[in-house]
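What follows is a single structure, written as structure tokens, with notes after it.
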Amino acid sequence: MFEFGSDGELLDVAFDSESDDDSASTPRGTKERDHPGGSHAADDEVAAAAARYPSGNSVAQQVYGDGGLRVGTGPLALDWTSCVARLLAAPPSEKLRLARALGTFAQVQAHSDAMREAGAIDAAAALLRHGASEELEVAAAEVIRHLACANQRNRDAARAAGAIAPLVRMLRAAAAEAAAAEADLSDGGGAAVAAAAAALRNLSFHNGANRALIRSLDGLAPLLRIVACGAAGAGARRREAAYRAAGALENLAADDAENAAAIVEAGVVPAMKELLIGRGHADLSHKAARKQREALYRLVMMDRKLCAQRAVAEGAVDGESIRAVVRRKMLVLAELRGAAEVAVEEVVLRGTLAVVEMELRALARDAEWAHAVVSFTYALHHGASHQCNGMPDGAPAVS
């Protein structure tokens, strides 16, 4: 990277990959300065270094290289400990600058362990609990979010530091705004919900203790409201907030039956699917696998099963004839296969055995639905001579 010095000279401020740890924090082309303030020197080191990078991606290119001619320097040897101490003691305006600087470097995984050991997670959690402004809370949430990415120790450290409860509190306030506002979210509200939801998404990834804590703090409710308010057609900030919240819900549902059931019951799974992998049914399993969204795929299957059960229950209550109920069931089963536009008559013309084989192959892991498929196709084959509830007399059983 290059910048112009005060005398107009073009200076190379890239970190020297061949220098040792002590000198690697000093960019080439700059001079050491005396800082009578003691810890203020470390403040200038981290904050000034962050100011040289327009984004976390540019830091990553510095550390890892660009995949081409530029070779990465490795982790930057900055004094994280002194910076954290300065952050905790600084006035609010300076806290914001330092928190944002830490958030920039936290985006590079190579720094995550060193920053945790320096107390960055504890400091960010303290800012979340006692933040003087929404901007400062957002900056602290971003630090937690990035340090929790791909680092299980940092997820545990954030829980131990008490970061999860204030993140849920941030979400509640943002969800209330999203539900009340007729227009799009405000700048502050959108940033707060995006930061808090993204932090909870990373904290809950493959971490059962964090998932349980978020549920116990009633963290599901605001996430569900935010997703519900971010359907297609919503404003850009609502959509961004809903996308982050949908990702958090997906992680909270992974390997957690109680969370998954609550999410499905809330009726937000179709919106989650549209936000995370797009529309369409036919290639759902392939798209989910390609995007590593197995948890979302399971939620979609649970949601469709619940919708089918409700449709069957409504048909029985309405007193429809058995043949009408069976036809509705076949439409539901066809939709489960991603064939919602196929007419009932076309499904029936394929032959009872073909339908049974198709559905049993697709839903082989669900014995209850396999049993239902055989029941429905048996009813189609033999007419409407039996009651619509339960297994028709003499119908084959599936174990």
### Query
Should R159 and N210 be marked as a side-chain hydrogen bond (donor to acceptor under 3.5 Å, both in side chains) after you check the CA-CA gap, both sets of side-chain angles, and the distance that decides it?
CA-CA 7 Å; R159 181 182 67 253; N210 284 354; 2.8 Å; yes
I'd like to check [X] versus [Y] (side-chain heavy atoms, cut-off strictly below 4.5 Å). Are they in contact?
| X | Y | value |
| --- | --- | --- |
| C83 | L102 | yes |
| C307 | D303 | yes |
| N207 | Q152 | yes |
| I214 | L220 | no |
| L76 | H111 | yes |
| V168 | D218 | no |
| W80 | R116 | no |
| R201 | E250 | no |

Backbone of [Y] reached by a side-chain donor or acceptor of [X] within 3.5 Å:
| X | Y | value |
| --- | --- | --- |
| E45 | D79 | yes |
| S58 | S55 | yes |
| R155 | N202 | yes |
| Q109 | A150 | yes |

#### Entry: Pair listing, side chain to side chain donor-acceptor pair (under 3.5 Å) test, anchored in residues 257-267, at least two apart
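Matches after skipping sequence neighbours: R215-N259, D256-N259, E265-R310.
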Flag the pair [X] and [Y] as a salt bridge only when some basic side-chain nitrogen lies within less than 4.0 angstrom of an acidic carboxylate oxygen.
| X | Y | answer |
| --- | --- | --- |
| E137 | R169 | yes |
| E274 | R239 | yes |
| R86 | E94 | yes |
| R298 | E294 | no |
| E142 | R145 | yes |

Closest heavy-atom contact between [X] and [Y]?
| X | Y | result |
| --- | --- | --- |
| V227 | M272 | CG1-CG, 4.1 Å |
| A125 | A161 | CB-O, 3.5 Å |
| A248 | S204 | O-OG, 4.1 Å |
| R238 | C229 | NH1-CB, 3.3 Å |
| A141 | A196 | CB-N, 4.4 Å |
| Y243 | L275 | CD1-O, 3.6 Å |

### Task
Before giving the answer on salt bridge (Lys or Arg N to Asp or Glu O under 4.0 Å), spell out for R100 and E135 the whole-Å C-alpha distance, their side-chain angles and the decisive distance to 0.1 Å.
CA-CA 10 Å; R100 285 174 172 171; E135 280 186 318; 3.6 Å; yes
Distance, nearest 0.5 Å, that separates [atom1] of [X] from [atom2] of [Y]:
| X | Y | atom1 | atom2 | answer |
| --- | --- | --- | --- | --- |
| H130 | L88 | NE2 | CG | 10.5 Å |
| L223 | R172 | CG | CZ | 10.5 Å |
| L167 | L128 | CG | CG | 5.0 Å |
| R293 | N251 | CZ | CG | 8.5 Å |
| M115 | F105 | CE | CZ | 8.5 Å |
| L136 | L96 | CG | CG | 6.0 Å |

### Message
Is there a continuous path of hydrophobic side-chain contacts, each under 4.5 Å between heavy atoms, that joins F205 to I144?
### Response
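Unlinked, F205 and I144 end up in two clusters.
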### Task
Check the pair M170, V193 against side-chain contact (heavy atoms from CB on, under 4.5 Å), reporting the backbone distance first and the verdict last.
CA-CA 7 Å; M170 286 177 63; V193 70; over 6 Å; no
### Message
Can you see whether N151 engages S112 through a side-chain donor-acceptor pair at a distance of less than 3.5 angstrom?
### Response
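Present: a donor and an acceptor within the cut-off.
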### Task
Apply salt bridge (charged side-chain N to carboxylate O under 4.0 Å, His left out) to D122 and list each qualifying residue two or more places apart in sequence or on a separate chain.
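Salt bridge (charged side-chain N to carboxylate O under 4.0 Å, His left out) check on D122 returns nothing, list empty.
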### Task
For V108 and H146, run side-chain contact (heavy atoms from CB on, under 4.5 Å): C-alpha distance rounded to whole Å, both residues' side-chain angles, the deciding distance at 0.1 Å, then the answer.
CA-CA 8 Å; V108 178; H146 294 305; over 6 Å; no
### Task
Just do the side-chain contact (heavy atoms from CB on, under 4.5 Å) check on I277 and Y297 with the steps written out, would you?
CA-CA 10 Å; I277 63 175; Y297 179 72; over 6 Å; no
